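Below, all heavy atoms of this structure are taken into account, side chains as well, without hydrogens, waters or symmetry copies. Since this is a predicted model, take the numbers as computed values, not measurements.
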Amino acid sequence: MTGSPDRWAPYVSVLGTPFKGHFMSNDRPHFGRLISPIAMSLMLATAASAAATAADDTAITIYSSAAPGAISPDLYRPLPGEEVPSATTVPGYAMVRQERDVKLEGGRSRLKFTDVAALIDPTTVTFTSLTEPRTRVLEQSYQFDLVSTAKLLTRYIDRPIAVDRRNGEHNETINGTLLSSVDGLLLRLSDGTLQAVHDYSSIHFPELPGGLDTRPTLVWDVTSPRAGEQRSRVTYQTGGVTWWADYNLIFNEGKDANSGVLDLSAWVSIINQSGASYQDARLKLIAGDVHRLTPEAQPVVAKRAFAAAEAVPAPGGFTEQPFFEFHLYTLERRTTLPNNSTKQIELFDQARQIPARKVLLYNGAASPYFYPTPLTDRNFGVQSNKKVDVYLEFRNDKQYGLGVPLPAGRIRVSKLDPADGSLEFIGEDRIDHTPKDEEVRVKLGSAFDVVGERKQVDFSVDTKGQWLEEEIEVRLRNHKDQPVQVLVKENLYRWSNWKILTKTHEFVKEDARTITFPVEVPANGETSVRYRVRYTW
């Protein structure tokens, strides 16, 4: 390297290819020992946090707008090179309340409030002095132009910098005026010549330009009738935070093929990508469909995510209470939500031995759409689905350890393998917000040993007489060594006016165009359901 180290004493050093920032570690620069600005910020933030722990108080209330389980686990894993959080990464939001001691001058002064979320909505910020009600905010701004190597390079266009690079086994330093930072660095040297530098190892900047901050900062123009310390409370809304419930079910077979018992545990999954950490915070969760104005829909592009999954089952769990037309879950202890992390906290104690019913449902010709005119084409709907779907049903009942509002979430179901005592995954589903004393139905997949077949055995239509008749046969085959009950679902989609003329089994009218036949199929046997329906218009 050319030049003495003392020459670069006033400079800030940035190392890395490309753009990895470092600061000097001593009063005299030592080019073999450099400290990352990120590490330096973390050390300063940690020291400040430790000093302020006794005085600062943080509370966060999280609202979820993400479908349970809709955020891919891939988003929790580090993606190299991403440095700026995206509000679209995690579709949720939170209200943050922070109390701090601030020192104000008498009259009009300027106050900086740091360590706020990078995804803050500045229009939601409120500032209140708890010890001096006459203190008011006259103006407010949010400064989020954070320092980075790319921004430093932009600010130093047409200004002198020094660039280090390897030349064989030695370092050399190139001094010049930065003309461009696109596709490497373009420097104008003291003799007027131009030099392009690509394989540099570090960049030296004389100083940190004004207007760049190391952390997101709220700046207030404040007026106060007295000088001194005041207790302040700042409230704001931030994006990049979401939660949902994760339920784990363990299913055990019952006395027959359609019954069993469940053990249910519930956890809250919280993702924080707001750009701030919440240390020893008081945590609340809102469950329910809270209406919120949103900007026009933008493409959701996952920019970054980091995994720091942490399970925290501990005393002082959540308490639940009605809150307006929603439900509020308050954690009875403080917790820390690091930035770029996902955390799990137990929602309530495990409920055991919940009676459950295994439902086998056969929908041979699913037709979700009902047509505005009579459907007289005989070939429509004759295609047959052979899959018999499997569901688990249980009641959210207090006598079985439940009877509490269940927030929307993802349910994973496992079953014990008696051969080695391990739990094996058998399916998962999502549930919506479910009040107490309501039924919960979880879809697990399709039955292996029970199949169905649906066919049209007769069809006649008289368009002048405005009627048609259709005869349907459903055959169910059970290859198990025990009988099963199957619910045969039939959508009467051809027209709204119908009448069942003949039937082999009794049916239940579910709604104006849906009927179901509860059918028992013997072990290693077959059962046929046949009915004739007449439509008129």
Does any donor atom in the side chain of E424 or S422 lie under 3.5 Å from an acceptor atom in the other side chain? yes
Minimal heavy-atom distance between E510 and T516, with the atoms involved, is OE2-OG1, 2.9 Å
Evaluate side-chain contact (heavy atoms from CB on, under 4.5 Å) for K499 paired with V533, printing each intermediate quantity in order. CA-CA 6 Å; K499 181 180 180 180; V533 58; over 6 Å; no
Check whether any side-chain heavy atom of H505 sits under 4.5 Å from a side-chain heavy atom of T527, and report yes or no. yes
Please answer whether the main-chain N or O of Q273 pairs with a side-chain N or O of N340 as donor and acceptor at a distance below 3.5 Å. no
Count the heavy atoms of every other residue, nucleotide or ligand shown that sit under 6.0 Å from NZ of K387, and state whether that count exceeds 12. no
Among residues at least two apart in sequence or on other chains, which ones pass ring pair (Phe, Tyr, Trp, His ring centres under 6.0 Å) with F448? none
Residues F425 and R412: closest non-hydrogen pair is CE1-CB, 4.3 Å
F348 vs L264, side-chain contact (heavy atoms from CB on, under 4.5 Å): CA-CA, chis, key distance, verdict: CA-CA 10 Å; F348 52 73; L264 183 148; 3.7 Å; yes
With no hydrogens and no angle check, just 3.5 Å: does a side-chain donor-acceptor pair link N524 and D481? yes
Compute whether any side-chain donor of one residue and acceptor of the other, for D246 and S269, lie under 3.5 angstrom apart. yes
Do the charged groups of R233 and D57 touch, with an N to O distance under 4.0 Å? no
List the atom of K509, the atom of A512, and the distance in Å for their closest heavy-atom pair. CE-CA, 4.2 Å
Around atom CD of Q321, are there more than 12 heavy atoms from other residues, nucleotides or ligands closer than 6.0 Å? yes
Testing I515, L361, V474, D389 for side-chain contact (heavy atoms from CB on, under 4.5 Å) with K489, which one passes? L361
N272 side-chain N/O to S341 backbone N/O, donor-acceptor pair under 3.5 Å: no
For I472 against V457, the heavy-atom pair lying closest together: N-CG2, 4.3 Å
Heavy-atom side-chain contact between V488 and Y531 under 4.5 Å: no
Are any non-hydrogen side-chain atoms of L347 and P407 less than 4.5 angstrom apart? yes
Side-chain (N339) to main-chain (G275) donor-acceptor, under 3.5 angstrom: yes
Just by modelled atom types, is the Q237 backbone N or O under 3.5 Å from a matching donor or acceptor in the T124 side chain? yes
So how far is it from E393 CD to N258 CG, rounded to the nearest 0.5 Å? 10.5 Å
About how many Å separate CE of M95 and OH of Y236, when rounded to the nearest 0.5 Å? 10.0 Å
Report yes or no: does K343 contribute a side-chain atom to a donor-acceptor pair with the main-chain N or O of T336 at less than 3.5 Å? yes
Would you please indicate yes or no on a ring centroid separation below 6.0 angstrom for Y400 and F394? no
Salt bridge K358-D256, side-chain N to carboxylate O under 4.0 Å: no
Residues R333 and I345: closest non-hydrogen pair is NH2-CG2, 3.5 Å
Donor-acceptor contact below 3.5 Å, side chain T434 vs main chain D432: yes
Output for pair (W267 CH2, F318 CZ), nearest 0.5 Å, gives 10.5 Å
Test side-chain contact (heavy atoms from CB on, under 4.5 Å) on Q456 and E470; report intermediate values, then the result. CA-CA 7 Å; Q456 180 191 86; E470 184 177 36; 2.7 Å; yes
State whether the side chain of D429 and the backbone N or O of K443 hold a donor-acceptor pair below 3.5 Å, judged by distance alone. yes
Let me see the working for F127 and F113 under ring pair (Phe, Tyr, Trp, His ring centres under 6.0 Å), right down to the final yes or no. CA-CA 10 Å; F127 171 88; F113 196 89; 7.7 Å; no
Over all heavy atoms of both residues, which pair between P405 and E320 is shortest? Give the atoms and the distance, please. CG-OE2, 3.5 Å
To the nearest 0.5 angstrom, please state how far the CG atom of L423 sits from the CD1 atom of I426. 10.0 Å
Is there side-chain contact between D121 and Y93, with at least one heavy-atom pair below 4.5 Å? no
Do T61 and R97 have side-chain N/O donor and acceptor atoms under 3.5 Å apart? yes
Kindly say whether I271 contributes a backbone atom to a donor-acceptor pair with the side chain of T242 at under 3.5 angstrom? no
After noting the C-alpha distance and the side-chain angles of N491 and N363, does the key distance pass the side-chain contact (heavy atoms from CB on, under 4.5 Å) rule? CA-CA 8 Å; N491 297 310; N363 192 0; 3.6 Å; yes
Could you state the interatomic distance from CG (L392) to CD1 (I411), rounded to the nearest 0.5 Å? 9.5 Å
Is any side-chain heavy atom of V390 closer than 4.5 Å to a side-chain heavy atom of L360? yes
Within the side chain of Y362, is there an N or O that forms a donor-acceptor pair under 3.5 Å with the backbone of E453? yes
Contact between V461 and Y535 at the side-chain level, heavy atoms closer than 4.5 Å - yes or no? no
Would you call I62 and Y329 a side-chain contact if the rule is heavy atoms closer than 4.5 Å? no
I'd like to check L402 versus V440 (side-chain heavy atoms, cut-off strictly below 4.5 Å). Are they in contact? no
Between atom CG of L468 and atom CZ of R534, what is the distance when rounded to the nearest 0.5 Å? 9.0 Å
Counting N and O atoms only, with roles assigned by atom type, does the side chain of R334 sit under 3.5 Å from a partner on the main chain of D280, one being a donor and the other an acceptor? yes
